Amino acid sequence: MDHRLFHIEGLIEFQPRIFRDDRGYFMETFSMKWFEPLGLRPDFVQDNQSVSKKGVLRGLHFQKPPHAQAKLVRVTTGKALDIAVDLRKESPTYGQHVACVLDAERQNVFYVPEGFAHGFVALEDDTTFLYKCTDFYAPDTEGGILWNDPSLGIDWGIAEPLVSPKDEVLPTLEGFSSPF
Ligand SMILES: Cc1cn([C@H]2C[C@H](O)[C@@H](COP(=O)(O)OP(=O)(O)O[C@H]3O[C@@H](C)C(=O)[C@@H](O)[C@H]3O)O2)c(=O)[nH]c1=O
């Protein structure tokens with residue numbers, strides 16, 4: 001299993017080993033052994049799955065403390081451009097983001113710790129997005145940032161994504177008081 005770090009501390013991309021043979025393939029999709037050498041032990045308590053048509057954009061979302069979530073995300077069909085925006089007030093990279101393409105062929109996995117807003121756009125039809133979370137769904141604590149806030153400077157690579165009404169009215173970063 002290889003991993004890659006980014007200019008924003010805390011984000012990790014994992015590339016699990018895929019064992020192919022005549023039957024197909026086998027792979028580990030999560031192991032605590034990926035995290036322990038990095039000094040981490042995320043306590044995942046919920047798994048989620050969504051399917052999106054090409055051009056669907058979900059985000060940018062987070063849950064506020066005490067129900068903040070770290071997420072371990074991947075796609076099993078299709079492809080997604082995944083975005084994590086650093087909302088940690090004390091972080092030198094506050095407001096900056098990382099883009100990570102998640103690809104069902106590569107089977108790469110992206111770890112987004114607490115303190116980030118997270119979102120993705122489906123680059124193909126039937127993009128099946130799976131993720132583990134370290135806290136339960138707590139709708140009263142949901143928050144978000146507007147996906148096309150110019151101050152974020154995110155290149156989503158798609159002109160007119162399909163966005164939920166809820167996500168269209170999220171606030172921009174200006175004047176936003178981060179809970180992290
Ligand atoms: C997130 C979530 C939603 N739901 C329900 C509420 C709602 O009726 C329906 C759809 O919810 P949403 O529109 O919030 O789904 P969606 O826009 O896909 O929300 C997700 O977006 C990505 C980017 C994330 O990072 C996730 O944490 C989550 O916020 O599913 C749950 O039951 N449990 C959950 O954990």
Side-chain angles (χ1 to χ4, degrees), residues 6 8 10-14 29-30 35 40 42-88 91 93-104 107-149 151-158 160-173 176 178-180:
F6 297 86
I8 299 181
L11 297 170
I12 311 164
E13 180 185 8
F14 295 102
T29 57
F30 157 71
F35 289 92
L40 299 168
D43 186 11
F44 295 115
V45 297
Q46 182 178 320
D47 283 9
N48 298 330
Q49 178 170 329
S50 61
V51 176
S52 301
K53 298 186 263 192
K54 181 176 179 177
V56 166
L57 189 157
R58 298 173 188 257
L60 295 154
H61 302 159
F62 57 82
Q63 289 191 169
K64 296 171 201 154
H67 296 293
Q69 296 171 312
K71 299 170 188 172
L72 187 68
V73 306
R74 64 197 176 98
V75 302
T76 54
T77 305
K79 204 184 268 193
L81 179 72
D82 202 77
I83 301 286
V85 179
D86 189 356
L87 294 181
R88 299 167 299 186
S91 169
T93 51
Y94 176 82
Q96 296 182 28
H97 68 277
V98 156
C100 179
V101 174
L102 297 170
D103 184 344
Q107 300 276 15
N108 55 326
V109 184
F110 188 40
Y111 177 69
V112 181
E114 291 181 17
F116 285 77
H118 169 257
F120 66 90
V121 64
L123 302 177
E124 295 179 5
D125 275 332
D126 291 322
T127 292
T128 304
F129 197 94
L130 267 64
Y131 49 111
K132 306 179 83 64
C133 297
T134 56
D135 206 333
F136 298 106
Y137 178 50
D140 292 349
T141 68
E142 277 184 317
I145 297 289
L146 189 64
W147 66 279
N148 59 353
D149 175 356
S151 77
L152 298 178
I154 299 171
D155 180 5
W156 291 95
I158 194 152
E160 288 185 8
L162 179 57
V163 181
S164 74
K166 192 175 86 172
D167 288 354
E168 283 291 16
V169 296
L170 290 173
T172 58
L173 208 54
F176 169 77
S178 177
F180 299 107

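Source: prediction; values computed, not measured. Whatever order the structure lists ligands and atoms in, that order sets their numbers, starting from 1.
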List ligand 1's nitrogen or oxygen atoms that come under 3.5 Å of a protein nitrogen or oxygen, with the partner atom and distance.
unit_1   : atom_1 : unit_2 : atom_2 : d
ligand 1 : 14 (O) : Lys166 : NZ     : 2.9
ligand 1 : 18 (O) : Arg58  : NH1    : 2.9
ligand 1 : 19 (O) : His61  : ND1    : 3.4
ligand 1 : 21 (O) : His61  : ND1    : 2.9
ligand 1 : 25 (O) : Lys71  : NZ     : 2.9
ligand 1 : 25 (O) : His118 : ND1    : 2.6
ligand 1 : 27 (O) : Lys71  : NZ     : 2.8
ligand 1 : 29 (O) : His61  : ND1    : 2.7
ligand 1 : 35 (O) : Gln46  : NE2    : 3.0

Write down the atom of Pro179, the atom of Lys64, and the distance for their closest heavy-atom approach. CG-CG, 3.8 Å
Taking only residues two or more places apart in sequence or in another chain, which ones pass side chain to side chain contact (heavy atoms under 4.5 Å, CB included) with Pro139? Tyr137, Glu142
If you count heavy atoms of other groups shown closer than 6.0 angstrom to CD of Glu160, is the number above 12? no
Tell me yes or no: between the side chains of Asp86 and Ser91, is some donor less than 3.5 Å from an acceptor? yes
Set of side-chain hydrogen bond (donor to acceptor under 3.5 Å, both in side chains) partners for Gln46, sequence neighbours left out: Asn48
Glu13: salt bridge (charged side-chain N to carboxylate O under 4.0 Å, His left out) partners, not counting sequence neighbours: Arg4, Arg106
